[in-house]
Amino acid sequence: MVYDKLVRDLVPKLYEKQGKTCLTEQLENEEYASYLIKALDSEIFDFKKAFEGEDDELAVKKMADLVQVLYAILDLIGVEHSSFEKIRLAEVQKLGGYDNHILLKEVND
């Protein structure tokens, strides 16, 4: 079966344990970045499907997959996860979170 999909490091070994053979390629950064964006789109789709299907357990697993792709993107661009968390918290401090479930309907001058 043809995949053409970015996978986690241990996936080929898991297939090999099942007696399957894998053809893999190690990507250069530019192509890797492109595949990470595709993986991000795929993980968002999978998360939305699970969330909208009210499968909370699967939704949390898909969210973990999504975060792993985000971490890979941070690694690629050279941003420490702790630095990212500081930026995220600064944005929360500046703009707040989503705790109050506010839907902005309109702004008028």
Side-chain angles (χ1 to χ4, degrees):
M1 181 179 275
V2 177
Y3 282 94
D4 194 44
K5 176 182 176 183
L6 186 67
V7 295
R8 292 181 187 227
D9 297 339
L10 300 180
V11 169
K13 287 183 172 94
L14 294 173
Y15 279 121
E16 289 168 3
K17 283 182 180 179
Q18 298 173 3
K20 300 177 181 183
T21 58
C22 298
L23 176 62
T24 63
E25 172 186 350
Q26 190 166 4
L27 301 173
E28 296 297 327
N29 283 350
E30 187 174 312
E31 197 171 15
Y32 177 53
S34 175
Y35 276 93
L36 278 171
I37 297 304
K38 289 178 186 177
L40 185 62
D41 288 340
S42 176
E43 296 300 349
I44 289 170
F45 176 83
D46 291 346
F47 165 74
K48 285 171 57 177
K49 186 175 171 185
F51 187 76
E52 290 167 355
E54 298 182 12
D55 186 340
D56 292 345
E57 185 178 340
L58 182 58
V60 170
K61 286 179 181 178
K62 293 302 174 183
M63 194 179 303
D65 292 340
L66 178 59
V67 168
Q68 193 62 43
V69 173
L70 292 173
Y71 282 172
I73 292 169
L74 289 172
D75 293 344
L76 181 66
I77 62 176
V79 175
E80 298 272 337
H81 301 181
S82 59
S83 296
F84 171 75
E85 186 62 13
K86 287 178 186 174
I87 293 167
R88 187 191 70 77
L89 290 172
E91 289 296 300
V92 169
Q93 195 72 6
K94 179 180 170 185
L95 301 171
Y98 292 96
D99 299 328
N100 295 322
H101 308 201
I102 297 170
L103 175 67
L104 182 62
K105 302 283 278 186
E106 191 173 318
V107 175
N108 297 304
D109 288 332

Might you point out which heavy atoms bring V79 and F84 nearest each other, and give the distance in Å? CG1-N, 4.1 Å
About how many Å separate CG of L70 and CG of D75, when rounded to the nearest 0.5 Å? 11.0 Å
Would you say CD of E80 has more than 12 non-hydrogen atoms from neighbouring residues, nucleotides or ligands within 6.0 angstrom? no
Taking V7 as the starting point, is it possible to reach Y3 by hopping between hydrophobic residues whose side chains are less than 4.5 Å apart? yes
What I want to find out is whether E91 reaches R88 closely enough, with some N-O distance under 4.0 Å, to be called a salt bridge. no
ILVMFWY network linking L27 to I73, side-chain heavy atoms under 4.5 angstrom: yes
Using the rule that two of Ile, Leu, Val, Met, Phe, Trp, Tyr join whenever any of their side-chain heavy atoms come within less than 4.5 Å, decide whether V69 and L58 are in one cluster. no
For D65 and R8: C-alpha separation, side-chain torsions, deciding distance, then whether side-chain contact (heavy atoms from CB on, under 4.5 Å) applies. CA-CA 10 Å; D65 292 340; R8 292 181 187 227; 2.9 Å; yes
State, to 0.1 Å, how close A59 and F47 come at their nearest heavy-atom pair, and which atoms those are. O-CD1, 3.4 Å
Under 4.5 Å between side-chain heavy atoms, hopping through other hydrophobics if needed: is there a path connecting M1 to Y15? yes
Could you tell me which non-hydrogen atom of A33 sits nearest to which non-hydrogen atom of L76, and how far apart they are? CB-CD2, 3.5 Å
Take atom CD1 in I77; do more than 12 heavy atoms of anything else shown fall under 6.0 Å from it? yes
More than 12 non-hydrogen atoms from neighbouring residues, nucleotides or ligands closer than 6.0 Å to NZ on K38, yes or no? yes
Is the positively charged end of K48 above the ring of F45, judged by distance under 6.0 angstrom from the centroid and angle within 45° of the axis? no
Say you draw a straight line from OH of Y35 to CG of D4; how long is it, rounded to the nearest 0.5 Å? 3.0 Å
Hey, what's the ring geometry for Y71 with H81, parallel, tilted or perpendicular (30° and 60° as the breaks)? parallel
Going hydrophobic residue to hydrophobic residue with side-chain gaps under 4.5 angstrom, can you get from L40 over to M63? no
For Q26, is the CD atom crowded, meaning more than 12 foreign heavy atoms sit under 6.0 Å from it? no
Scanning both residues in full, the closest heavy-atom pair of V92 with G97 reads CG1-N, 4.3 Å
